[in-house]
A.B. asks: 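Handing you a structure now.
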Amino acid sequence: MVLLGTAAWAGQECSWGRRALLWLPQSQALPGGVMAVSPALLLMDRNSLARKQNARLDKQSDLGWKLFGKVPLGENAQKDAKKLQKEYEDKAGRPSKPPSPKQNVRKNLDFEPLSTTALILEDRPANLPAKPAEEAQKHRQQYEEMVVQAKKRELKEAQRRKKQLEERCRLEESIGNAVLTWNNEILPNWETMWCSRKVRDLWWQGIPPSVRGKVWSLAIGNELNITHELFDICLARAKERWRSFSTGGSEAETEDAGFSAADREASLELIKLDISRTFPSLCIFQQGGPYHDMLHSVLGAYTCYRPDVGYVQGMSFIAAVLILNLDTADAFIAFSNLLNKPCQMAFFRVDHGLMLTYFAAFEVFFEENLPKLFAHFKKNNLTPDIYLIDWIFTLYSKSLPLDLACRVWDVFCRDGEEFLFRTALGLLRLFQDVLTRMDFIHVAQFLTRLPEDLPAEEFFASIASIQMQSRNKKWAQVLTALQKDSREMEKGSPSLRH
């Protein structure tokens, strides 16, 4: 093998051949500066080259880093973790103790709060004056106080979460047991058990969601004898009417004599508008949502089934709650029968005389149960129609949280219209102390926009405390007497006073 190079390089720093040139005898130099190198010498040269490169790399890695430039490793070497801990404890005045494995296990929340890890006390940087001893001690005390407070907060939060988890588990267990009772005992023997004391108590506690739709259907009944085939017919007619109005045709104008095309078209437009405002936070009934077409079908079919009623604002909330618990055809059947009840028909057909009778009956029990609040409302001219209309029209599904509204529906299906007004009195009783300090405007605003965080148990306890009996007369008796009184007053000879 040969090494190519000039004789002048013998005394210079070549990339790898300097040591080879120094060891090369002069007599072995070839003409033209070409020198011969033995294989052993070349191998030695390569080994020395590798050692030299490693040494240079080691030298480069010997440099540490500070904020503003390189410093030798001795000034910023990485220290052992135990040594760092010992230095910190020496500075803090604590004895150095080896950590116990048990200290890393969380037991009874005896640990350093995560919120204080950024508050560890450190000495000031070297370029700043050291803290006075009094200031350092003061900061140490403040730090310890912050740690104690953080531990208390975290302990309280952990206890709250544990309590919530226990309540959730207890609720799930009770719901599971209730489902078995409803499916195995009550529903197979509905006709004989639905009015028993045991079933009424279960009803008050809330019907499990998995059987709620079935129970509602049985409780509402089907006095109108509506079938799935009738629903299909009404739905087909509604779709045909929608197509007719969208294309500007006149086919629908000849249908439903006595009801103008303008009224029918207004109902269809109102349905479209109201659906977009039905439970907007759920985003399931709006255009493109999974329940939009179902809700549209139920409401459209009802306008064809009862053109004399048509669509009234607020119906969409009732239909939506039913759709969440029943399939489309069964929801339509329950919806039609529910709106056929006397109270709902009075409100949705806007029978002013009958509506006033319901308000008068409500005030009888209002004065009986909450005399102080009743007097405050009278003083401020707060009449029941201001807040009751919205509650009755939507059966509280718009005013209350959905899960709470469903519980109200549960008992409403059991007790009928009386429970709607009892629920209203329960709400007024629950917020009685707040309402008595408000004026007309604030009361109206509060009752039309109830708090979203209503406590369910307190709410139903408030309802349970309401007595629907006045002077030994129950709701139905008071309502009947007022209706009779109203009819006779229309004739000009009132004969009943209570």
Side-chain angles (χ1 to χ4, degrees), residues 204 341-344 346-347 350-396 399-400 404-405 408 411-412 414-451 454-455 458-490 493-498:
W204 181 267
K341 304 292 183 183
C343 180
Q344 278 64 49
F347 277 80
V350 196
D351 186 337
H352 292 285
L354 193 51
M355 289 173 65
L356 290 175
T357 303
Y358 274 104
F359 293 151
F362 170 78
E363 288 193 306
V364 170
F365 293 95
F366 188 2
E367 184 178 13
E368 188 79 21
N369 286 273
L370 305 168
K372 182 179 178 181
L373 185 61
F374 177 79
H376 179 70
F377 275 30
K378 282 295 185 182
K379 179 181 178 181
N380 288 275
N381 295 319
L382 275 156
T383 53
D385 58 288
I386 294 175
Y387 48 91
L388 274 185
I389 285 181
D390 194 43
W391 294 353
I392 302 299
F393 263 102
T394 62
L395 302 181
Y396 297 95
S399 306
L400 297 177
L404 202 55
V408 171
V411 189
F412 163 63
R414 184 193 76 176
D415 295 348
E417 64 185 35
E418 173 186 331
F419 188 73
L420 296 178
F421 297 93
R422 188 180 182 187
T423 300
L425 293 173
L427 280 170
L428 295 177
R429 185 185 184 280
L430 185 63
F431 298 108
Q432 180 176 201
D433 295 338
V434 177
L435 294 172
T436 50
R437 297 193 297 268
M438 292 182 177
D439 57 11
F440 177 90
I441 297 296
H442 290 92
V443 169
Q445 290 176 344
F446 183 87
L447 294 180
T448 53
R449 188 178 293 273
L450 295 170
L454 276 174
E458 293 182 21
F459 175 46
F460 271 83
S462 179
I463 296 175
S465 65
I466 298 297
Q467 300 296 322
M468 297 301 286
Q469 189 168 346
S470 175
R471 300 178 184 180
N472 296 324
K473 291 183 180 180
K474 296 182 179 180
W475 167 265
Q477 294 172 320
V478 171
L479 183 64
T480 302
L482 288 171
Q483 287 176 329
K484 183 179 179 181
D485 190 17
S486 177
R487 288 192 297 268
E488 293 186 359
M489 286 183 68
E490 290 177 358
S493 57
S495 61
L496 180 61
R497 291 290 182 270
H498 63 278

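Scope of the values below: all heavy atoms of this structure, side chains included, with no hydrogens, waters or symmetry mates.
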A.B. asks: Supply the atom-to-atom distance Leu454 CG to Leu430 CG, rounded to the nearest 0.5 angstrom.
C.D. replies: 6.5 Å
A.B. asks: Do Leu447 and Phe431 have side chains that approach each other closer than 4.5 Å (heavy atoms only, starting at C-beta)?
C.D. replies: no
A.B. asks: Decide side-chain contact (heavy atoms from CB on, under 4.5 Å) for Tyr358 and Ile392; before the verdict, give the C-alpha distance in whole Å, the side-chain angles of both, and the deciding distance to 0.1 Å.
C.D. replies: CA-CA 11 Å; Tyr358 274 104; Ile392 302 299; over 6 Å; no
A.B. asks: Taking the side chain as every heavy atom from C-beta outward, state whether Arg429 and Asn369 have any atom pair closer than 4.5 Å.
C.D. replies: no
A.B. asks: Side chain of Thr436, backbone of Asp433: donor and acceptor closer than 3.5 Å?
C.D. replies: yes
A.B. asks: Within the side chain of Ser486, is there an N or O that forms a donor-acceptor pair under 3.5 Å with the backbone of Leu482?
C.D. replies: no
A.B. asks: Please check: side-chain N/O of Tyr387 versus main-chain N/O of Phe446, any donor-acceptor pairing under 3.5 Å?
C.D. replies: no
A.B. asks: Within a 6.0 Å radius of atom NZ on Lys341, are there more than 12 heavy atoms belonging to other residues, nucleotides or ligands?
C.D. replies: yes
A.B. asks: Hey, does Leu354 have a side-chain heavy atom less than 4.5 Å from the side chain of Gln483?
C.D. replies: yes
A.B. asks: Using modelled atom types and a 3.5 Å cut-off, is there a donor and acceptor pairing between side-chain atoms of Ser465 and backbone atoms of Ser462?
C.D. replies: yes
A.B. asks: Pair Trp391, Leu420 - check side-chain contact (heavy atoms from CB on, under 4.5 Å), show working.
C.D. replies: CA-CA 8 Å; Trp391 294 353; Leu420 296 178; over 6 Å; no
A.B. asks: Taking all atoms of both residues into account, what is the closest heavy-atom pair of Ala444 and Leu382, and its distance?
C.D. replies: N-CD2, 4.5 Å
A.B. asks: Please assess Tyr396 against Leu404 for the test side-chain contact (heavy atoms from CB on, under 4.5 Å), listing each intermediate value before the final yes or no.
C.D. replies: CA-CA 9 Å; Tyr396 297 95; Leu404 202 55; over 6 Å; no
A.B. asks: Are Val443 and Ile386 close enough that some pair of their side-chain heavy atoms sits under 4.5 Å apart?
C.D. replies: no
A.B. asks: Could you grab the distance from atom SG of Cys343 to atom CD of Glu418, nearest 0.5 Å is fine?
C.D. replies: 11.5 Å
A.B. asks: Quick check on ring-ring contact (aromatic ring centres under 6.0 Å, His included): which of Phe359, Phe365, Phe366 does Phe362 satisfy it with?
C.D. replies: Phe366
A.B. asks: Can you find a pair of side-chain heavy atoms, one from Leu450 and one from Leu400, that are under 4.5 Å apart?
C.D. replies: yes
A.B. asks: Please walk me through it: do Ile463 and Trp204 pass side-chain contact (heavy atoms from CB on, under 4.5 Å)?
C.D. replies: CA-CA 11 Å; Ile463 296 175; Trp204 181 267; 3.9 Å; yes
A.B. asks: For Asp439 and Asn380, indicate whether the former's side chain and the latter's backbone hold a donor-acceptor pair under 3.5 Å.
C.D. replies: no
A.B. asks: Only pairs at least two apart or in different chains count here, so list each salt bridge (Lys or Arg N to Asp or Glu O under 4.0 Å) that has a residue in residues 352-373.
C.D. replies: Glu363-Lys378
A.B. asks: Going from CZ on Phe377 to CG on Leu428, what distance comes out if it is rounded to the nearest 0.5 angstrom?
C.D. replies: 5.5 Å
A.B. asks: Can you list everything that forms a ring pair (Phe, Tyr, Trp, His ring centres under 6.0 Å) with Phe440? Sequence neighbours excluded, please.
C.D. replies: none
A.B. asks: When rounded to the nearest 0.5 angstrom, what is the spacing between CH2 in Trp475 and CD in Gln469?
C.D. replies: 14.0 Å
A.B. asks: Taking atom CZ of Phe347 and atom CD1 of Ile389, what is their separation to the nearest 0.5 Å?
C.D. replies: 6.5 Å
A.B. asks: If I compare all heavy atoms of Glu417 with all of Leu479, which pair ends up nearest, and what's the gap?
C.D. replies: OE2-CD2, 3.4 Å
A.B. asks: For the backbone of Met438 and the side chain of His376, can you confirm whether one donor and one acceptor N or O come within less than 3.5 Å of each other?
C.D. replies: yes
A.B. asks: Mind checking whether Met468 and Leu425 have side chains closer than 4.5 Å, heavy atoms only?
C.D. replies: yes
A.B. asks: Sort and list the pairs that fulfil salt bridge (Lys or Arg N to Asp or Glu O under 4.0 Å) and have at least one residue in residues 379-391, not counting sequence neighbours.
C.D. replies: none
